[in-house]
Every structure is written in structure tokens, then in C-alpha cells.
2 protein chains.
Amino acid sequence: MTARIAPTALYQEVAERLRQRIFAHELLPGAWVDEQKIAEQYGISRTPLREALKVLASEGLVVLKPRRGCYVTEISPRDLDDIFPLIALLEGRCAAEAVHKMNKADLERLAAIHARLERSARDNQITDFFEANQEFHRTIQELADNRWLLQVIQDLRKVLKLSRIHSLSLEGRLQQSLEEHRAIMAALEAGDARQAEQLMHDHLLSGREALARMQDSKAA
Amino acid sequence: MTARIAPTALYQEVAERLRQRIFAHELLPGAWVDEQKIAEQYGISRTPLREALKVLASEGLVVLKPRRGCYVTEISPRDLDDIFPLIALLEGRCAAEAVHKMNKADLERLAAIHARLERSARDNQITDFFEANQEFHRTIQELADNRWLLQVIQDLRKVLKLSRIHSLSLEGRLQQSLEEHRAIMAALEAGDARQAEQLMHDHLLSGREALARMQDSKAA
DNA sequence: ACGGATAATACTTTATTCATAATTATGAAT
DNA sequence: ATTCATAATTATGAATAAAGTATTATCCGT
């Protein structure tokens with residue numbers, strides 16, 4: 001028997017695997033989640049799978065219809081219009097809090113991530129840029145040092161991942177995104193909380209706008 | 001056998017019953033939740049109970065320790081300091097959005113609730129006041145018409161209910177709370193979104209401060 | 001007498017089985 | 001030919017049982 005280093009319960013592992021499949025759009029929004037089939041695929045019984053689905057349901061990734069089964073959540077344009085301003089508000093607050101709470105070492109760590117962002121953009125490494133971008137935001141959220149604020153943002157971002165928007169919305173406006181990041185970084189370095197909050201807020205809204213333009217042009 | 005009017009799943013009913021027991025502090029923070037005992041009490045098997053606990057866990061009401069069982073979440077003063085400003089931010093936003101989205105009928109409905117608040121305060125009906133207060137906040141949140149914003153606030157408020165603070169923090173400052181509500185109501189009626197946001201924000205923070213003072217005096 | 005190790009007990013976790021409800025398909029009647 | 005009703009099949013929801021892991025208590029050794 002292999003030593004189980006991670007003492008994590010089976011239903012948690014299953015939840016994580018399903019999360020990844022949903023984010024990878026292997027399970028499409030609206031699709032029915034066949035309990036028997038998945039349980040069979042994973043070589044487990046339905047009990048831990050059902051418990052995993054309860055977890056995903058409260059994360060908003062799936063919807064459980066009583067006596068009807070489980071379906072992957074569908075996100076509407078309306079939902080995006082509701083969620084983006086909310087994340088903008090919350091991450092704006094993170095930026096402001098980060099200014100107050102971070103020390104010199106934190107700032108240098110953030111600067112290093114920002115440098116990676118600049119490098120990836122210069123070399124046109126989309127995947128790298130995407131990752132560094134995520135880490136940049138995540139780090140600022142953690143510097144705000146508010147467990148509940150972090151949790152709320154992460155939950156909302158999970159829901160956003162249901163849509164294919166995330167990577168796409170970045171690609172089209174890599175240069176603009178980069179400049180916005182520069183401005184945020186400058187505000188953080190200057191210790192200007194108000195400015196950092198405003199810039200972060202606008203940065204996220206501008207992401208939503210770029211996405212809307214993209215969908216408009218696709219519709220035409 | 002009573003006819004099951006509600007076609008809701010057993011685990012949902014169980015989750016709701018447990019929620020109420022937790023909010024009523026019949027299950028104290030930190031207390032171990034004995035699966036066998038509860039299942040026996042409710043006359044059900046442990047399977048739906050376990051599914052209910054998964055739901056409560058993602059709401060943050062209980063903590064599931066792998067191989068250790070389930071415990072009612074304990075909220076620290078630090079958590080309160082993290083959560084209150086967050087709710088203040090979010091409900092402030094609700095007030096601002098409500099100004100933009102509500103119509104005349106909505107405003108009248110809100111005014112009626114506010115009138116109930118005034119009446120309860122005058123007659124010193126604490127329970128009534130408490131209920132009207134909740135409805136006032138809830139209504140403004142719904143007027144903001146943002147499903148995700150509402151969800152986040154409700155989740156955070158659920159966690160706050162773990163602490164006994166809510167009713168207590170009101171009793172001590174009924175008059176002040178009433179005056180703050182009056183100001184918020186006036187801003188809403190004037191259609192001043194900025195002002196409504198600010199007042200709602202400060203109203204919630206002032207609730208936290210009153211609580212802190214109360215705990216200080218209790219400690220002394 | 002104190003500390004560590006082993007064994008036993010208890011509780012979580014997973015699997016299997018069963019029942020109930022919903023949906024779909026088929027057949028009959030209009 | 002179309003619609004409605006009934007029956008059958010399939011999937012969800014619940015319960016019981018079995019297995020594995022953690023914790024605690026006891027015993028032995030130092």
C-alpha cells in the first residue's frame with residue numbers, strides 16, 4: 001500500500017478532479033452529470049461522488065435539481081455583468097488593504113511577479129503571461145490578509161472560470177492589460193492606497209468591457 | 001404519514017434544521033457534531049446527514065476535519081474585524097445600486113418597513129425591531145438586483161450568526177441604530193446613491209464598534 | 001513512577017443494496 | 001394522424017453494512 005501522504009478524504013479528491021474537468025470545459029455548462037458513469041470512470045461508489053457534488057453545488061459550479069440530477073452551471077451575460085463589478089469592488093479593496101499591510105519584502109516579491117509579467121509580454125508568451133497575471137492578482141489578495149475577502153473573491157473567480165472568457169479576454173488586450181498592471185504596481189510602490197484601489201477596480205472592469213466587445217464582434 | 005408537500009430532498013431539510021440549531025446556539029461553536037447521535041435523533045440514516053454537513057461546511061458553519069469528524073465553526077474577534085468591513089463595503093454597494101434600480105413602489109415598500117422599525121423602537125419591541133431591521137437590510141440587498149452580490153452577503157451574514165453578537169449589538173444602541181436607518185432612508189428617498197452608500201457602510205461599521213465596546217466592558 | 005508502545009475501541013469513510021420518483025416510449029382511442 | 005394514458009426503465013435518494021484509521025487506555029519496560 002502506498003503511503004497516503006495527503007490525508008485528504010476521497011470526496012475531496014473527487015471534487016477537485018471534477019472542478020478541473022469543469023474548468024477545462026470537458027464538462028460543458030448545462031451538461032448533465034451522470035453519477036453512475038462518473039463513479040464508474042473513477043472506480044468509486046456513488047456515495048463519495050454525491051458528497052463531492054454537494055461541495056461543487058455550494059461553490060456554484062453545478063446545480064442540483066431535486067430528483068432531476070446534477071447539471072453544470074450555465075453562466076449568462078447578465079451573470080458576467082453582475083460578477084465583474086463585484087470582483088472589481090473586492091479586488092480594489094484588496095489593493096488598498098495591501099498597501100497598508102505589506103512590508104518591503106512583500107513589495108519586492110510582488111515586483112518580481114510583475115517583472116515576469118513584463119518579460120512574458122515582451123516574448124509574447126501568452127500562457128506565461130496568463131499565469132503571472134493570476135499570481136499577481138492572487139498575491140495582492142493575500143497581502144490584504146483577510147481570509148473572508150480572499151474566500152469570496154476566489155469563489156467568484158471560480159464561477160467566472162465556467163465561461164471560456166478568462167484567457168480569451170486577456171489575449172486580445174495584452175498590451176493594455178500590461179500597462180494597467182504597471183500603473184497598479186506604481187501605485188503600490190508609492191503607497192497610494194486610494195489610487196491602487198481605483199486602478200485595480202478599473203483594470204477589472206476594462207477586462208469585462210474587452211470581453212463584451214469581443215462577443216459583440218463575434219455576434220456580428 | 002404526513003404528506004410531503006415540499007419535494008425538497010431530505011439532506012436539504014436536515015441542513016436547514018441543523019442551521020437553525022447552530023444559529024440558536026443549541027450547537028455551540030467548537031462543539032463536536034456527533035453523526036450517529038444526530039442521525040438517531042432525526043430518525044434518519046447517516047448518509048443524508050453527511051451530505052447535509054458538506055453543505056454546511058461550504059457555508060462555513062461547520063468545519064470538517066478529515067478522519068476527525070465535524071465541528072461547529074468558531075469565530076474569532078479577528079474574523080469579526082475581517083467580516084464587518086467586508087459586509088459594510090458590500091451592503092454599501094447594495095444601497096447605491098438600489099437607488100439606481102428601484103422604482104416608486106419599491107421605495108414605498110421600503111418606507112413601510114422603515115415605519116415598522118420606528119414603531120417597534122417607540123414601543124420598545126426588541127424582537128420586532130430586530131426582525132424589521134433584518135427585513136430592511138434584506139430588501140435593500142434585493143433591490144440592488146444582483147444575485148451574486150446578494151449571495152455573498154447572505155453567506156457572510158450566516159457566519160456572523162455563529163456569534164451571539166447580532167441581537168446583542170442592536171439592543172445596546174437601538175436609538176442610534178434607528179437614527180442611522182432614518183438617514184439611510186432619507187438618502188434613498190432623495191435618490192442620493194453616494195450618500196446612501198456611505199451611510200449604509202458607516203451604519204454597519206458602527207455596529208461592529210458597539211460590539212467591540214460591549215466586549216471590552218464585559219472583559220473588565 | 002513515568003514514558004513509550006501496542007492493542008482495542010470507536011468513529012469516519014466508502015461501498016453495496018434497495019426503494020421511490022420521474023421521464024420516456026409505446027399503444028390505444030378519438 | 002395526433003394526443004393522452006399507462007407501463008417500464010432508468011436514475012436519484014436513502015439505508016445498512018463493512019473496512020480502515022485515529023485516538024485512547026492499558027501494560028510493560030526502563
Side-chain angles (χ1 to χ4, degrees), chain A residues 1-22 26-74, chain B residues 1-19 21-22 27-74:
Chain A
M1 172 68 197
T2 60
R4 282 274 288 272
I5 303 296
T8 156
L10 183 55
Y11 79 89
Q12 287 179 332
E13 291 180 27
V14 172
E16 184 54 30
R17 289 182 69 173
L18 285 175
R19 243 181 240 118
Q20 295 312 323
R21 287 178 74 175
I22 290 173
E26 195 182 320
L27 294 170
L28 291 169
W32 173 54
V33 179
D34 188 333
E35 290 185 5
Q36 287 191 341
K37 195 171 131 197
I38 306 256
E40 207 172 305
Q41 276 180 12
Y42 289 1
I44 60 172
S45 88
R46 282 175 47 232
T47 310
L49 174 59
R50 286 176 58 77
E51 292 183 351
L53 292 179
K54 298 289 175 299
V55 174
L56 297 183
S58 25
E59 288 173 5
L61 296 182
V62 300
V63 182
L64 296 173
K65 302 184 180 177
R67 289 277 166 202
R68 295 290 304 276
C70 176
Y71 297 81
V72 179
T73 302
E74 287 182 284
Chain B
M1 169 73 194
T2 61
R4 283 277 285 275
I5 302 294
T8 154
L10 183 55
Y11 78 90
Q12 286 179 334
E13 290 182 26
V14 172
E16 185 53 29
R17 289 182 69 170
L18 285 175
R19 242 181 241 117
R21 286 180 75 175
I22 291 173
L27 295 170
L28 290 170
W32 174 52
V33 179
D34 189 333
E35 290 187 4
Q36 282 192 340
K37 195 170 131 198
I38 305 255
E40 209 171 306
Q41 276 179 12
Y42 289 2
I44 59 170
S45 91
R46 286 180 42 247
T47 311
L49 174 59
R50 287 178 57 75
E51 293 182 351
L53 292 178
K54 300 289 174 299
V55 174
L56 296 183
S58 22
E59 288 174 5
L61 296 183
V62 299
V63 183
L64 296 172
K65 302 183 180 177
R67 294 274 164 203
R68 294 292 305 278
C70 177
Y71 298 81
V72 179
T73 303
E74 288 182 283

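This is a predicted model, so every value here is computed, not measured. Letters A, B, ... are given to chains in the order of the sequence lines, protein chains preceding strands, and every chain is numbered from 1.
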Output the rounded distance in Å from [atom1] ([X]) to [atom2] ([N]).
X       : N      : atom1 : atom2 : answer
A:Lys65 : C:dA21 : NZ    : C1'   : 17 Å
A:Arg46 : D:dG13 : CZ    : P     : 8 Å
B:Glu40 : D:dA15 : CD    : C1'   : 14 Å
A:Leu53 : D:dG13 : CG    : C1'   : 13 Å
A:Tyr11 : C:dT14 : OH    : P     : 8 Å
B:Leu10 : D:dG13 : CG    : P     : 11 Å
B:Glu51 : D:dA15 : CD    : P     : 11 Å
B:Lys37 : C:dC11 : NZ    : P     : 11 Å

Reckon [X] has a side-chain N or O less than 4.0 Å from the OP1 or OP2 of [N]?
X       : N      : result
A:Arg68 : C:dT23 : yes
A:Trp32 : D:dT12 : yes
A:Arg50 : D:dG13 : yes

Classify the side chain of A:Arg67 versus the base of D:dG13 as yes if they form a donor-acceptor pair under 3.5 Å and no if they do not.
-> no
Would you kindly check whether a donor in the side chain of B:Ser45 faces an acceptor in the base of D:dA14, or vice versa, at under 3.5 angstrom?
-> no
Protein-nucleotides 6-8 of chain C N/O pairs closer than 3.5 Å?
none

Salt bridge A:Lys54-A:Glu51, side-chain N to carboxylate O under 4.0 Å | no
Kindly indicate whether the side chain of [X], heavy atoms from C-beta on, has any atom under 4.5 Å from the side chain of [Y].
X       : Y       : answer
B:Val72 : B:Leu28 : no
A:Arg19 : A:Glu16 : yes
B:Leu18 : B:Leu49 : yes
B:Leu53 : B:Glu35 : yes
A:Ile22 : A:Thr73 : no

Pairs under 3.5 Å (Watson-Crick or G-U), crossing ones as [ ], inter-strand ones as |: DNA chain C comes out as ||||||||||||||||||||||||||||||
Could you say whether B:Thr47 or B:Asp34 is positioned toward the 5' end of DNA chain C, judged by the nucleotide with the nearest heavy atom to each?
-> B:Asp34
Between [X] and [Y], what is the shortest heavy-atom contact and its length?
X       : Y       : result
B:Trp32 : B:Arg68 : NE1-O, 4.2 Å
B:Pro66 : B:Leu64 : CD-O, 3.5 Å
B:Ala52 : B:Ala15 : CB-N, 3.7 Å

For A:Glu40 and A:Gln36, test the side chains for any donor-to-acceptor distance below 3.5 angstrom and give the result as yes or no.
-> no
Candidates D:dG13, C:dA15, C:dT12 - which lies nearest the side chain of B:Gln36 = C:dT12
